There are 2 protein chains.
Amino acid sequence: MPTRRADSARPATTHDVARRAGVSQATVSLVLGGNPRARVSAQTRERVVRAAGELGYRPNLVARGLVQRKSYAIGVMVPDLSNPFFLDVVTGVQRVAAEAGYAVLPGDVREVSPQRHLEALRARQVDGVILDGFGALALHEGALSGMKVVLVDEPSERWPGVASDAVGAGRLAAEHLLGLGHTRLAFAGPASDVHGLRMRERGFVQALRQAGVALPSERLRRVPPTVSGGLAAMKSLLGLPPAQRPTACFCAVDLVAAGALKACLTAGVAVPGAMSIVGCDDVELARVLTPELTTVRVPARELGARAARLLIRQLDDEGGSAPRAGRPLPVKLVVRGTTGPV
Amino acid sequence: MPTRRADSARPATTHDVARRAGVSQATVSLVLGGNPRARVSAQTRERVVRAAGELGYRPNLVARGLVQRKSYAIGVMVPDLSNPFFLDVVTGVQRVAAEAGYAVLPGDVREVSPQRHLEALRARQVDGVILDGFGALALHEGALSGMKVVLVDEPSERWPGVASDAVGAGRLAAEHLLGLGHTRLAFAGPASDVHGLRMRERGFVQALRQAGVALPSERLRRVPPTVSGGLAAMKSLLGLPPAQRPTACFCAVDLVAAGALKACLTAGVAVPGAMSIVGCDDVELARVLTPELTTVRVPARELGARAARLLIRQLDDEGGSAPRAGRPLPVKLVVRGTTGPV
DNA sequence: TTGTAAGCGTTATCAC
DNA sequence: GTGATAACGCTTACAA
């Protein structure tokens, strides 16, 4: 008995459907494959469709993937999923991907090394990967060879990407603070080589310089992009002699701002009375804090969604040329409760 | 030319390795398959391994999956990934899964309906799914048919699962508050049919009853398990006439507690001076708030890790019998800054 | 010990 | 229009 038995414990295959409909397996594939140029008589089509329905047929994407050399799956890598910003990026990717029939395999760099994850993704034949904010350019040469890649917030000659207006974000924060009359300003942000973060800092510094306001190094705090990083940064800032102590601080990441705010509140420093704080990202947390965080909104979901569209367009266009990135996504200042006049 | 050409643009296959090593493709599979009972001479093995290395051979998991009827991928579904608690559960799953060579396909019920996601997972031939906290039992019968399932925080005769001590969590909160002398207590939590959440409430109520303390319905607030839910709940609680107004509130979810805290702070109600708040979960956010949130720690990652182990054990044991769930994971009261004496 | 061959469930190219 | 038939890259008896 070489043919497979109709084992109802096993999912129905095109063969099962074919047998039931009294047609060949190939015909079933034609009908069910949704191939537009499939010329099948309405009659057999109907027979096939009914048989498929009766058997509860579901196409096996693994088998399809093997022959098409396409898995309809993409990978996403971010530096830290517990940062809601990156979660939002991934959510944006998911949404678009699901729409287009792609599955998403997310990876968190803290959990598994980029190399390892990339290898795993490759083994699973993912059709492409989206890399966000962890210095993808610094990866070992071969790690990305032969993969379709889209970068988020990291410009590159080699791969297409999407970005937010990071320089503009820093600039907006600076202008807001300057507009409120602050002149002793501080900056707290990661010392990372992540491009987007560096640009936020640059925008801030540039705007200050243009306004003729100095940012001496003692008011510069390089800390990890986390709450405790912000906590530490602000603590040390508050320890400065009164003449040097800033009256306002821009934190390149909302989590850092949250930490900074906490440091002020526990030290009894009034916010925004004695210290103004501006974050960047506008994660949900910003509205949970009291007072609510003034911050620069960066459209994380939209960033992810665009990245996914960029990648999937490439994929569906049969290896078509890599589309170039569009304009950076605009950012927007959101004034809430942590900033006020000097 | 029926055989494939050595197109170096395409990843090397076992055939390529075989040709290069001068052995049959099957031998390559034997050597590289890591099959323990593969009896291959050290010499050919070495030849194969070297050839594979030279060609940069990487096994194609899709092909393997097809013949083994196993994808080495599992799905996870949670009600809300933006709740850090569930993210932690997924992280726990990821960790264990990665270790065992499984990929994880996470799904957020808010983004895509359970039915749809389950269908997608099925089409991708996932080996099993982990379902957390969204009334999986209420799913349409067929949706899970033939799937290996592990439930989190939702007991079932039909599927194995892991759980935290939800009743104990509510109880701990109650005892803590009672011990501080509070007698006018309130409860705020979701009206969901999620088992774990209901049990937290039950534990709380039971402990109060045993202490002879009443929980009148006007101090019961059924709100969505979100920050704004907590905000609304506390606002309305604060609107109660002084004689009925609670002096302490247990929130079944940390996010709700965060909202409740915010409501107090913006209303000028001192915490814990005039209102004590206890949350449940101990998400990272709890330590970001000021004052830090007193809460009951529920081991989310461990929950996810155990669920993954339970599932993968089943999977690797060749369809072995479903192992039963172990004891509920213990929870622990973490006293921080939002609770104090009356 | 190693090679041959039969699938796994699809898609896709042809003849008929 | 429809049906053989050959892949896709791999695992796994079974034969040599």
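Note: hydrogens, waters and symmetry copies are ignored here, and every other heavy atom, side chains too, is used. None of these values were measured; they are calculated from a predicted model. Convention: sequence-line order gives letters A, B, ...; per-chain numbering from 1.
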Quick check on [N]: is either OP1 or OP2 less than 4.0 Å from any side-chain nitrogen or oxygen of [X]?
{"X": "A:T27", "N": "D:dT2", "result": "no"}
{"X": "B:S24", "N": "C:dG3", "result": "yes"}
{"X": "A:S41", "N": "D:dT2", "result": "yes"}
{"X": "A:R69", "N": "D:dG9", "result": "yes"}
{"X": "A:Y72", "N": "C:dT10", "result": "no"}

Rounded to whole angstroms, how far apart are [atom1] on [X] and [atom2] on [N]?
{"X": "A:L66", "N": "C:dT11", "atom1": "CG", "atom2": "P", "value": "11 Å"}
{"X": "B:R47", "N": "C:dT2", "atom1": "CZ", "atom2": "P", "value": "8 Å"}
{"X": "B:L61", "N": "D:dT11", "atom1": "CG", "atom2": "C1'", "value": "13 Å"}
{"X": "B:Q68", "N": "C:dG7", "atom1": "CD", "atom2": "C1'", "value": "13 Å"}
{"X": "A:Q125", "N": "D:dG9", "atom1": "CD", "atom2": "P", "value": "9 Å"}
{"X": "A:N60", "N": "C:dG9", "atom1": "CG", "atom2": "C1'", "value": "6 Å"}
{"X": "B:K70", "N": "D:dC10", "atom1": "NZ", "atom2": "C1'", "value": "15 Å"}
{"X": "A:R58", "N": "C:dT10", "atom1": "CZ", "atom2": "P", "value": "12 Å"}

- Hey, which of these two, B:L30 or B:V62, hits DNA chain D nearer its 5' end, going by closest nucleotide? B:V62
- salt_bridge(A:R309, A:E302) N-O dist < 4.0 Å: yes
- May I ask you to decide whether A:R116 forms a salt bridge with A:E111, counting only side-chain N to carboxylate O separations under 4.0 Å? no
[X], nearest nucleotide to its side chain (from [options]):
{"X": "A:T14", "options": "D:dC10, C:dT11, C:dT10", "value": "C:dT10"}
{"X": "B:V23", "options": "C:dG3, D:dC10, C:dT11", "value": "C:dG3"}
{"X": "B:A26", "options": "D:dT12, C:dT10, D:dC10", "value": "D:dT12"}

- Could you pull out all residues at least two apart from A:V194 that satisfy side chain to side chain contact (heavy atoms under 4.5 Å, CB included)? A:S192, A:L197
- Message: Applying salt bridge (Lys or Arg N to Asp or Glu O under 4.0 Å) as the test, list every pair that has at least one member in residues 23-32 of chain B; sequence neighbours left out.
- Response: none
- Item | Contact list for residues 40-49 of chain B, test salt bridge (Lys or Arg N to Asp or Glu O under 4.0 Å), sequence neighbours left out | B:E46-B:R50
Give the table of side-chain donor-acceptor pairs shorter than 3.5 Å for residues 119-126 of chain A, with sequence neighbours excluded, one pair per line with atom names and distance.
from, atom 1, to, atom 2, distance (Å)
A:E119, OE1, B:R58, NE, 2.9
A:R122, NH1, A:S145, O, 2.9
A:R122, NH2, A:G142, O, 3.3
A:R122, NH2, A:A143, O, 2.9
A:R122, NH2, A:S145, O, 3.3
A:R124, NH1, B:S71, O, 3.1
A:R124, NH1, B:Y72, O, 3.2
A:R124, NH2, B:Y72, O, 2.7
A:R124, NH2, B:G101, O, 3.2

- Measure the angle between the two terminal helix axes of the helix from C:dT1-D:dA16 to C:dC16-D:dG1, five base pairs each, and quote it to 10°. 50°
- In terms of the nearest nucleotide of DNA chain C, which residue is placed more toward the 5' end: B:V67 or B:T44? B:T44
- Query: Do A:L55 and A:R20 come close enough that some side-chain heavy atom pair is under 4.5 Å?
  - Reply: yes
- Query: Which residue pairs pass the ring pair (Phe, Tyr, Trp, His ring centres under 6.0 Å) test when at least one of the two sits in residues 135-154 of chain A, sequence neighbours left out?
  - Reply: none
